[in-house]
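Written out below as structure tokens is the structure these notes cover.
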Amino acid sequence: MVIPNHVAIILDGNGRWAKKKGMPRTYGHIKGCDNLEKICGVAKDLGVKYLTVYAFSTENWKRSKEEVDGLMKLFRNYMKKCLKISAENKMRVRVIGDPTAFDEDLQQKIKELEEYSRQFDELHFQIALNYGSRDEIRRAVTALAEDVKRGELEPEGITEDTISGYLDTRGLPDPDLLIRTSGEERLSNFLMWQLAYTEFYFTDVEWPDFDKENFVKAIEKYNQRDRRYGGVKEESHV
Ligand code: IPE
Ligand code: IPE
Ligand code: MG
């Protein structure tokens with residue numbers, strides 16, 4: 001079985017999972033967070049090199065104050081816990097998205113985790129927090145325009161690689177497989193540039209229940225795909 005080098009996951013369905021159990025949405029997020037810890041280990045054991053997860057979108061601020069506060073609390077705890085997880089899995093952690101909207105202390109925790117985990121490279125783990133693809137592209141275009149204004153870049157010299165280099169994911173390979181849990185089949189503003197040639201896998205399993213077996217199933221499906229990148233399938237000459 002070919003293991004995808006980079007797997008991206010839209011962690012969806014925490015709220016519905018909790019509701020089915022008669023519990024508040026925040027409980028679903030707590031369980032979803034526990035599951036994320038497990039799935040990092042699973043990804044590493046399977047030989048996945050890059051794992052990128054969508055944990056909070058630029059649109060998720062529209063949720064109730066209670067839910068947003070619950071998520072912020074969870075992220076604070078998680079950043080601390082993730083120091084241990086990163087050591088266990090020898091995993092480098094990066095946060096993609098715009099952290100400047102978060103409270104100072106959370107921004108600080110993110111920085112500490114990124115700094116600490118720099119030493120590891122067995123698994124590269126990206127957490128998308130206050131991330132939106134359109135916002136990422138907007139920030140990239142602003143930075144690029146500033147460099148043009150300063151004379152550091154010629155408009156004629158802008159290539160696709162130049163643009164990739166201004167995105168939050170600079171230096172990372174594009175995802176090979178995207179998984180979205182919980183039945184929704186849309187991107188919800190996730191990695192629109194980076195997913196141009198990625199294979200998509202959708203499952204009805206809600207994120208807190210997504211386990212190793214489900215992960216393997218997604219990879220098996222991925223193995224049945226015929227990736228072409230615009231070319232044609234190679235014919236056998238026998
Ligand atoms: C995903 O679960 C986690 C976040 C977006 C933070 P949801 O909270 O979207 O759960 P559903 O989709 O409402 O069930
Ligand atoms: C996408 O899920 C964002 C994250 C998983 C963080 P949402 O649940 O917010 O997306 P929509 O609203 O269903 O499109
Ligand atoms: Mg959702």
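One-based numbering, in listed order, for ligands and for the atoms of each.
Under 4.0 Å from ligand 2, not a single heavy atom of Phe190 appears. Proximity of Glu59 to ligand 1, defined as any heavy-atom pair under 4.0 Å, is not found for any part of the residue. Of the heavy atoms in His29, only side-chain atoms (C-beta onward) come closer than 4.0 Å to ligand 1.
Around CD of Gln224, the count of heavy atoms belonging to other residues, nucleotides or ligands within 6.0 Å exceeds 12. Around the CD atom of Glu154, the shell of radius 6.0 Å holds no more than 12 heavy atoms that belong to other residues, nucleotides or ligands. Atom CD of Glu213 has 12 or fewer heavy atoms from other residues, nucleotides or ligands within 6.0 Å.
In this structure, atom 5 (C) of ligand 2 lies nearest to the protein heavy atom Leu11 O, 3.3 Å. Ranking protein heavy atoms by distance to atom 14 (O) of ligand 2, first place goes to Ser188 OG, 2.6 Å. For atom 8 (O) of ligand 2, the nearest protein heavy atom (residue, atom name, distance) is Asp12 OD1, 3.2 Å. Scanning the protein for heavy atoms near atom 9 (O) of ligand 2, the closest one is Asn60 ND2, 2.9 Å.
Heavy-atom contacts of Ile10 reach the following atoms of ligand 2: 5 (C) (cutoff under 4.0 Å). Annotation for ligand 1: atoms under 4.0 Å from non-hydrogen atoms of Arg63 are 4 (C), 5 (C), 7 (P), 8 (O), 9 (O). Of all atoms in ligand 2, numbered sequentially from 1 with element shown, those under 4.0 Å from a heavy atom of Phe56 are 6 (C).
At least one heavy atom of Ala55 sits closer than 4.0 Å to an atom of ligand 1. Arg25 counts as a contact of ligand 1, since one of its heavy atoms falls under 4.0 Å from the ligand. At least one heavy atom of Gly13 sits closer than 4.0 Å to an atom of ligand 1. Not a single heavy atom of Glu184 sits closer than 4.0 Å to an atom of ligand 1.
Taking the ring centroids of Trp61 and Tyr131, they lie at or beyond the 6.0 Å cut-off.
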Pair Arg92, Phe125 - check side chain to side chain contact (heavy atoms under 4.5 Å, CB included), show working.
CA-CA 6 Å; Arg92 177 165 179 181; Phe125 180 46; over 6 Å; no
Run the salt bridge (charged side-chain N to carboxylate O under 4.0 Å, His left out) test on Arg118 and Glu115 for me, step by step, so that the C-alpha distance in whole Å, both residues' side-chain angles and the decisive distance to 0.1 Å come before the verdict.
CA-CA 5 Å; Arg118 249 173 204 282; Glu115 276 303 317; 3.4 Å; yes
Show your working on salt bridge (charged side-chain N to carboxylate O under 4.0 Å, His left out) between Arg228 and Asp226 and close with a plain yes or no.
CA-CA 6 Å; Arg228 296 181 175 206; Asp226 165 23; 2.8 Å; yes
Just do the salt bridge (charged side-chain N to carboxylate O under 4.0 Å, His left out) check on Arg225 and Glu199 with the steps written out, would you?
CA-CA 8 Å; Arg225 304 279 172 85; Glu199 297 293 334; 3.0 Å; yes
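Atom 12 (O) of ligand 2 is never approached by the protein to below 4.0 angstrom, counting heavy atoms only.
The pair Arg139-Asp168 meets the salt-bridge criterion, since a charged nitrogen lies less than 4.0 angstrom from a carboxylate oxygen.
For the pair Gly15 and ligand 1, the shortest N or O to N or O distance falls below 3.5 Å. Close N/O approach between Ser57 and ligand 2 is not found [any backbone or side-chain N/O within under 3.5 Å]. Where the criterion is an N or O separation shorter than 3.5 Å, residue side chain and backbone included, Arg186 meets it with respect to ligand 2.
Taking the six-membered ring for Trp and thresholds of 30 and 60 degrees, Phe120 and Tyr116 have ring planes more than 60 degrees apart, a perpendicular arrangement.
Taking the Mg ion (ligand 3) as reference, the nearest N/O/S atom within Asp12 carries the name OD1.
Looking at Arg180, Arg16, Lys62, it is Arg180 that brings a heavy atom closest to atom 2 (O) of ligand 2.
Between the side chains of Arg76 and Tyr78, no donor-acceptor pair is found at a separation under 3.5 Å.
Atoms OH and CG, from Tyr54 and Leu129 in turn, are 10.5 Å apart once rounded to the nearest 0.5 Å.
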